[in-house]
Amino acid sequence: MTVLVNLIVTLGMLHVVTTGLRLIDPTRYRRTARLWPLLATPGALCLWLPRGAPATALAVLYATATWALAAGAVPLRPRGTRRTGGPLPAPVEVAVLTALVSPAVAGTALVAERAGYRLFGFDLDVLALTVPHFHFAGFTAALVAGLVCRAAGSDGGSGPGTGASARRAAYSVPTRTLLVLVGYFIGDPAELVGAVVPTTGMWAVALTTWRAIRPGARDRATRALLATSAGVLVVTMLLALWWATGEATGITHPTLTWTAATHGLGNALGFALCSLCAWRRLTMDRQEMTR
């Protein structure tokens, strides 16, 4: 499982965050996105070293970059407005801020895990899994939910309740992030609630993507990427719900290793990578149309 998790985390650090920053604000984050692969390289390298001082030092370098990103996110979206002066729905604001803060949680967990320090008493395995979790279930899920919400709101959706469903989905990811953090301290019941909330929210993201976003894509490749991300998201969230329910109730459920190999890998490749590629293509198409 360690090799698989390290590969997923490397993808998140080097590619997912870089692409996500360009989607959030290509002007404000142009320089940061260009430099991010360089800033993230120490974090990726430290994954493959044994725990100790060298790995910890590299992790600190990456964590410092994530902390700076989070600190700069605070004034990113003045309430109710874009920096350009246009309206910005509150759910999008919350989702974007959640995305920008999530890597800092992952970076902090990475430093503790590489140092062999049980931060807040958590097992090192839990800290290790926190790193990919907050790159994908934190950063990517929040960002995509925000993008879907913004698109559904501006386009009017594709059917009754589409916009409202997208708004609830955008709020569900930050809520889930808080519930997961609380669940770390309280235990399985809170973790179960933290699985139910985002499952319904991300299913709403998948449904809105399928009904409102996918039909508007100009080319077949983008529509295929959106369809894949929506379909994979339904399955991976069901797997996460199964695991959390089993942990809380004792019913038969997948092991953590199996969950990482299915839910984790599916989210990283099928949802996150496909979603970001699709939204990158959609953004480029819209830029071409406005020229």
Side-chain angles (χ1 to χ4, degrees), residues 8 11-12 15-16 19-20 22-24 89 91-92 95-96 98-99 102 132-133 135-177 195-244 259 261-286:
I8 292 174
L11 174 67
H15 177 72
V16 167
T19 303
R22 292 193 174 103
L23 290 172
I24 290 172
V92 178
V96 168
T98 300
S102 290
H133 184 90
H135 277 94
F136 292 98
F139 179 85
T140 311
L143 173 58
V144 172
L147 292 171
V148 168
C149 179
R150 183 170 60 189
S154 62
D155 297 340
S158 181
T162 298
S165 177
R167 288 193 294 273
R168 288 193 296 270
Y171 280 130
S172 73
V173 180
T175 302
R176 189 268 182 134
T177 301
V196 172
V197 170
T199 295
T200 56
M202 296 312 291
W203 280 349
V205 169
L207 180 62
T208 306
T209 298
W210 180 269
R211 294 175 58 190
I213 311 301
R214 180 187 57 85
R218 295 172 59 187
D219 62 276
R220 183 178 300 177
T222 304
R223 291 194 296 271
L225 288 168
L226 290 168
T228 300
S229 68
V232 169
L233 189 58
V234 172
V235 176
T236 56
M237 294 310 299
L238 184 61
L239 290 170
L241 184 60
W242 183 13
W243 180 83
T259 302
T262 53
H263 166 80
L265 189 61
N267 264 349
L269 301 181
F271 166 63
L273 197 59
C274 289
S275 289
L276 293 179
C277 287
W279 281 101
R280 182 69 172 159
R281 294 170 67 91
L282 287 171
T283 301
M284 293 174 65
D285 286 345
R286 288 169 183 169

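No hydrogens, no waters, no symmetry mates; every other heavy atom, side chains included, goes into these values.
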From [X] atom [atom1] to [Y] atom [atom2], the distance as rounded to the nearest 0.5 Å:
X	Y	atom1	atom2	value
R223	T228	CZ	OG1	12.5 Å
T236	L265	OG1	CG	10.5 Å
I8	L273	CD1	CG	11.5 Å
L143	W279	CG	CH2	9.5 Å
L225	S275	CG	OG	8.5 Å
C277	H15	SG	NE2	5.0 Å

Q.
Counting C-beta onward and ignoring hydrogens, is there a side-chain heavy-atom pair between L241 and M237 closer than 4.5 Å?
A.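 Side chain of L241 against side chain of M237, heavy atoms only: no contact under 4.5 Å found.
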
Q | Residue pair V144 / L233, side-chain heavy-atom distance below 4.5 Å | A | no

Which heavy atom in [X] sits nearest to a heavy atom in [Y], and how many Å separate them?
X	Y	answer
V232	G266	CG1-O, 3.3 Å
S229	C274	CB-CB, 4.2 Å
A272	T140	CB-CG2, 3.5 Å
A141	F271	CA-CE2, 4.1 Å
H135	V16	O-CG1, 4.3 Å
P91	C149	CB-SG, 3.9 Å

Using the test side chain to side chain contact (heavy atoms under 4.5 Å, CB included), find all partners of [X] that sit at least two apart in sequence or belong to another chain.
X	answer
R22	T18, A33, R280
A224	none
L238	W203

Q: List the steps and the verdict of side chain to side chain contact (heavy atoms under 4.5 Å, CB included) for L282 and I213.
A: CA-CA 10 Å; L282 287 171; I213 311 301; 3.9 Å; yes

